[in-house]
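Counting convention: from 1, in listed order, for ligands and their atoms alike. Since the model is a prediction, treat every value here as computed from it, not as a measurement.
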Amino acid sequence: MPDLTPDEFRRQGGAVLDWVARYRERLPALPVRPEVEPGSVRAGFGPLPEQPRPVEELLAELDRLVVPAGTNWQHPGFFGYFPANASLPSLLGDLLCGGLGAQGMLWSTSPACTEIEQALTDRLAAALGLDPGLTHGGGGGGVLQDTASSAALVVLLAALHRTSGGAWREDGVDGTERVYVTAETHSSLAKAVRVAGLGGRALRTVDTVPGTLAMSPSALAAALDADAAVGLRPVLVCATVGTTGTGAVDPVPEIAPLAAAHGAWLHVDAAWAGVAALCPEHRHLLDGVERADSFCTNAHKWLLTAFDASLLWVRDAVALPAALSITPEYLRDPASESGRVVDYRDWQVPLGRRFRALKLWAVLHAFGLEGLRSHIRDHVALAAELAARIEAAPGLALAAPPSLALVCLRADTGDPDADDEATRGLVDRVNSSGAALVTHTTVGGRHVLRVAIGSVATTRADVEALAALLGV
Ligand code: PLP
């Protein structure tokens, strides 16, 4: 069966681009989250076509089946979870990536795929103010993972290998491994611990500093010392810059020497907040990262890049290959054996990999670093204004200090027993409006409404509309 002719591809591609442009145009008129009965989309999905069908029919099906049942993450009123910016330039970058259709598993399977990624991550490290030791030129290096969850898993595997003196690859785990997080650490760490076969018992939940949601260095020191004293092996400490619940920041400068003293790998998870370091005024958030073994931030959250594109830097360029490299005959390659190239297959779990760097390059090209900075600054400023209004509003209270573009609030009825119910009611009121979507968490056992400003299309008017729904 032949592929589309170039002319037919141009025609159909034009129709698809037009559909996306139209969808984005009409987003403000759509509810952020539609009401959908479970099973209804599946039930509406027709039989698989036996014969080729025109692309227009597929697009019509999207209008019939997908748009009415999809949560509209690119809606200007989307304030849930963390943003998943899918800017239009990043979609074009994705198209270029698919258009080349390259597999960059080895340097030699697409030298451009590997080297653009190396160059881009080196330049971005500089733009974020990261330590040069994390770059390819400096003994470490950057890599694009699909997600921060995958980044956490691979650095945990590298940490297991390193802290076992190189025995982990052959012998696996022995039950003495320990990984240090807080209750605020993203669940991807707990998952990585289980995927790596350590079992939940390996996870140590370190206390936070009373009155804050940031890791307590003294509690970490005590946990590390107590474990080491009974022959347990501290493998990895995960510090978070910008926790998922409230955007709290663990004190990396104080955590780093504690991890180092026990030979544990220090991973800094800044999946959401890390990109803010493009703005010099937020760079202090990454203080201490110069002493970390690895650092991760997602371009696919707040950096205008469509899912997936998670940036991971490691200080030791051989740590991941040492743990992960498996070379059957069919992957033997003179360039790899020369030691002069990076084979990114050894920096990730899957073998195959796409040219994700093209998407990120397209974003940087289209917006420029200044454009990305103003995207972040606009949202931070809008969040500060919203937080000030909430603070001043009777019946509402900030549940945590505002963090960058994240505002956490709760009802403050004067009766703590009634607050949770009232906060739930507020979440329902906002979400059932269709004009905005917020999500929730708990802080100190109390129900909290989260407002994460950051959608590509969100403007002051959208935040004003949300404020009106919140009654401030
Ligand atoms: N780490 C933090 C702090 C997060 O907030 C998130 C997601 O919100 C993740 C990790 C997981 O991100 P991903 O979906 O890229 O695995």
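Relative orientation of the H282 and H284 rings is tilted, given thresholds of 30° and 60° on the angle between their planes.
Q103 and R353 share no side-chain donor-acceptor pair at under 3.5 Å. Of the N and O atoms on the side chains of S150 and T147, at least one donor lies less than 3.5 Å from an acceptor on the other residue. A donor atom on one side chain and an acceptor atom on the other are found under 3.5 Å apart for W265 and S294.
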Would you give me the side-chain donor-acceptor pairs under 3.5 Å for residues 316-325, sequence neighbours excluded?
unit_1	atom_1	unit_2	atom_2	d
D316	OD1	V318	N	3.0
S325	OG	D346	OD1	3.2
S325	OG	D346	OD2	3.2

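Although no hydrogens or angles enter the test, the distance criterion places a donor-acceptor pair under 3.5 Å between the side chain of R450 and the main chain of Y81.
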Nitrogen or oxygen contacts under 3.5 Å, ligand 1 side and protein side:
unit_1	atom_1	unit_2	atom_2	d
ligand 1	1 (N)	D269	OD1	3.2
ligand 1	1 (N)	D269	OD2	2.6
ligand 1	5 (O)	T244	OG1	2.8
ligand 1	8 (O)	K301	NZ	3.3
ligand 1	12 (O)	K301	NZ	3.2
ligand 1	15 (O)	A148	N	2.8
ligand 1	15 (O)	N298	ND2	2.9
ligand 1	15 (O)	H300	NE2	3.1
ligand 1	16 (O)	A148	N	3.4
ligand 1	16 (O)	S149	N	2.9
ligand 1	16 (O)	S149	OG	2.5

